[in-house]
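Working notes, beginning with the structure itself.
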Number of protein chains: 2
Amino acid sequence: MVQIPKPPAPSRTAQRPVPTSADVARLAGVSRATVSYVLNNTAAVRISEPTRRRVHEAAKELGYVPHAAARSLRAGHRRMVLMPAPAVPAGPLYSAFIYELQWALHRLDYTVVQYGGVGLAGDEAARAWAELRPVAVLVPGTGLGPEGVALLRRSGARAVVTLGPDAVEGAHALLMDHESVGHCAGAHLYARGRRRIGVVVPEEGGLDVFSRPRLAGVRRALHGTAATVTELPLAYTEESAARLAARWGDLGLDAAFAYNDEYAMLLMRALQDEGVAVPADTAVIGADDLLLGRLLRPRLSTVRIELPSGRDLAELVDRAVRDPGGEPERHKVLGASVVQRDST
Amino acid sequence: MVQIPKPPAPSRTAQRPVPTSADVARLAGVSRATVSYVLNNTAAVRISEPTRRRVHEAAKELGYVPHAAARSLRAGHRRMVLMPAPAVPAGPLYSAFIYELQWALHRLDYTVVQYGGVGLAGDEAARAWAELRPVAVLVPGTGLGPEGVALLRRSGARAVVTLGPDAVEGAHALLMDHESVGHCAGAHLYARGRRRIGVVVPEEGGLDVFSRPRLAGVRRALHGTAATVTELPLAYTEESAARLAARWGDLGLDAAFAYNDEYAMLLMRALQDEGVAVPADTAVIGADDLLLGRLLRPRLSTVRIELPSGRDLAELVDRAVRDPGGEPERHKVLGASVVQRDST
DNA sequence: TTGAAAGCGATACCAG
DNA sequence: CTGGTATCGCTTTCAA
């Protein structure tokens with residue numbers, strides 16, 4: 001570090017220091033306290049109109065903006081809800097959910113901040129979040145352990161909510177169990193008389209979190225029956241789909257559950273190009289109920305996934321913040337239901 | 001405010017206060033300065049090994065986490081890059097871009113924070129961002145005026161970068177001109193001999209930012225020719241598409257540019273269901289080059305859009321932060337090129 | 001090697 | 001009605 005004490009070498013670019021409330025006070029000819037009162041409209045104190053104007057004008061002239069860190073340091077109160085950005089590029093469904101959630105929290109006067117905790121391992125991430133002293137933390141996916149939760153709570157977080165497959169000790173949980181999606185699909189295919197069922201598992205990294213449970217769900221649906229389950233790795237490219245379709249005959253499958261509608265569309269097209277009739281030879285079902293799935297022929301059957309409304313989650317957060325000592329709530333929030341169209 | 005001075009009413013929930021470095025110091029039997037030295041591995045000062053351990057143990061025992069606001073308040077230095085969340089739920093392309101950008105900035109040791117500036121108008125939003133004293137601000141879309149930029153810079157932001165259709169005084173700009181997308185499509189359709197061209201404009205709110213320029217681009221491409229341009233409002237539903245397709249004959253169009261591949265797929269399917277042959281009667285082209293567009297028959301032509309790499313933007317930010325006085329850079333970063341398949 | 005103390009910027013007491 | 005001033009939690013210089 002250079003040791004120039006106060007004057008930070010005012011280069012030609014006139015990098016003048018950021019104005020503080022003291023600067024405003026000086027320019028307006030009042031004390032810093034008065035500045036604070038005026039700019040925050042403090043009700044308990046009445047300031048004369050001329051003074052108010054002088055302060056406001058000085059503030060405007062200097063382009064004064066209060067320093068959030070300093071303010072919350074002093075006030076102690078924080079209305080910041082921290083939400084680590086997900087570790088995967090986020091699908092359309094999830095994006096929309098986040099967006100709605102932000103709105104709802106904004107209505108409740110919270111400030112939502114998405115924090116890019118990209119390259120941080122489990123508890124290290126929790127530490128980084130805790131440093132920001134958020135009033136609540138919403139954690140998507142797995143990766144936060146009970147210690148992490150405890151750490152956050154000790155650091156003043158009044159609510160920790162996980163959005164994922166299973167609950168974590170000490171935290172509220174929105175249980176989004178993708179296992180039920182697979183179960184739904186498996187049961188449906190079985191009911192339609194299919195017995196040799198393939199399950200597409202994306203090769204794309206980061207999707208395991210969802211695809212594993214979905215696969216397990218299919219297995220559970222078929223458990224105790226004579227039906228078989230075959231795992232089918234598939235990358236999201238035409239070539240990969242073509243390769244898979246080429247060996248479809250050898251696989252001897254009569255149905256496929258394809259992780260989601262995008263993979264399902266990809267697979268279905270590849271099968272058709274290979275001369276496999278859908279649904280006659282092979283039934284195909286996806287998930288997410290994308291509009292695009294209805295555009296192919298046959299129209300794609302799908303598992304519709306119901307995410308919780310952003311408003312509901314926002315209210316859970318608010319409730320938890322108001323009563324930090326309350327029992328952790330557990331909510332199953334992932335509704336899965338089959339929408340049968342023509343591909344099964 | 002209640003006036004209880006220090007003991008914050010320790011209710012049964014044992015809401016004990018968050019540990020501070022002073023608590024750690026007390027437990028370890030050293031001064032706060034020493035705690036700071038140890039926990040930050042300050043090189044300029046050598047602390048005895050036994051002391052280090054006592055401090056570390058005390059910190060662990062209390063679950064101490066430093067207070068980010070206090071720290072940066074004192075240290076003055078900030079490595080926070082602020083990125084307001086976009087006003088629209090964000091498409092797949094953009095999500096991926098953001099994600100990549102976060103990674104790249106993380107590599108450069110910046111912390112990326114997405115701030116939900118949902119319900120804030122232009123300069124009010126700028127104020128809110130400025131309060132956080134970010135070292136750089138990346139603003140997607142329009143909505144930030146020159147005053148906003150000035151405000152941010154006065155508040156210490158060393159770089160302001162806009163990602164949008166046009167540059168703003170005082171800020172660096174990544175010009176993402178969607179006009180060129182439309183131009184590309186229009187020129188292509190004209191070259192293929194089409195003369196009565198429809199342009200799908202999504203009815204969904206918030207997409208105007210992109211759809212308007214794209215429409216304008218088509219107009220420009222056809223300016224001075226005998227070709228006509230017809231605006232076609234379309235909602236992202238099958239019904240809306242069916243309605244549009246039903247009056248296709250009356251419209252007398254021989255081509256359509258459909259904003260993006262999703263709308264294009266929707267329209268193309270509706271047209272085919274209505275008995276309109278694609279591309280014989282009507283050519284259809286989309287944009288974004290989604291994989292799914294290749295699955296329909298005929299395969300969908302599209303305008304491929306090249307976003308800048310996250311790394312490039314991250315480097316621009318870093319450069320700007322290091323040299324805050326430098327001339328604002330302007331980069332055209334939206335490559336548009338036609339990918340012709342079978343629908344045109 | 002360690003400790004005392006001066007702030008960073010803003011707020012909220014209490015006295016004038 | 002307004003102005004000192006202590007304080008939030010932390011870093012860092014200066015002394016001991």
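By convention in this document, chain letters (A, B, ...) are assigned in the order of the sequence lines, proteins followed by strands, and residues within each chain are numbered from 1.
- Per the geometry, NE2 belonging to A:His67 stands 12 Å off P belonging to C:dC8, to the nearest Å.
- The interatomic distance linking A:Arg46 (CZ) with D:dG3 (P) rounds to 17 Å, in whole Å.
- Under a cut-off of 6.0 angstrom, the local environment of CD in B:Glu49 is crowded, with over 12 non-hydrogen atoms contributed by other residues, nucleotides or ligands.
- Of the candidates C:dG3, C:dA10, D:dG9, C:dA10 carries the atom nearest the B:Arg133 side chain, counting heavy atoms from C-beta on.
- A straight line from CZ of A:Arg26 to P of D:dG3 spans 14 Å, rounded to a whole angstrom.
- Annotation: A:Arg53, atom CZ; neighbour count of heavy atoms from other residues, nucleotides and ligands within 6.0 Å does not exceed 12.
- Using a 4.0 Å cut-off between charged side-chain N and carboxylate O, A:Glu315 and A:Arg319 make no salt bridge.
- If you measure from atom CZ of B:Arg54 to atom P of C:dT1, you get 15 Å, rounded to the nearest angstrom.
- Closest approach to the B:Arg74 side chain among C:dA12, D:dC10, C:dT2 is made by D:dC10 (side chain taken as heavy atoms from C-beta onward).
- For the residue pair A:Pro308 and A:Val333, the shortest heavy atom distance occurs at CD-O, 3.6 Å.
- Distance from the side chain of A:Arg71 is smallest for C:dT11 among the nucleotides C:dA6, D:dG3, C:dT11.
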Please write out each protein N/O paired with an N/O of nucleotides 14-16 of chain D under 3.5 Å, distance rounded to 0.1 Å.
none

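- The side chain of B:Arg32 approaches D:dT11 more closely than any other nucleotide in the set D:dT11, D:dT7, C:dG3.
- Remark: P of C:dG9 and CG of A:Asn40 are 17 Å apart, rounded to the nearest angstrom.
- Judged by distance alone, the side chain of A:Arg154 and the main-chain N or O of B:Pro19 form no donor-acceptor pair under 3.5 Å.
- A salt bridge links A:Arg322 with A:Asp318: the closest approach of a Lys/Arg side-chain nitrogen to an acidic carboxylate oxygen falls below 4.0 angstrom.
- Around the CZ atom of B:Arg330, the shell of radius 6.0 Å holds more than 12 heavy atoms that belong to other residues, nucleotides or ligands.
- Regarding contacts with the backbone of D:dC10, a side-chain N or O of B:Ser21 is found under 4.0 angstrom from either OP1 or OP2.
- Here A:Thr20 does not reach the OP1 or OP2 of C:dG9: none of its side-chain N or O atoms lies under 4.0 Å away.
- One atom, CG of B:Leu73, and another, P of D:dC10, lie 12 Å apart when rounded to the nearest Å.
- For D:dT2, the OP1/OP2 oxygens have a side-chain nitrogen or oxygen of A:Ser48 closer than 4.0 Å.
- Between B:Ala70 and B:Thr42, the residue anchored nearer the 5' end of DNA chain D, judged by the nucleotide with its closest heavy atom, is B:Ala70.
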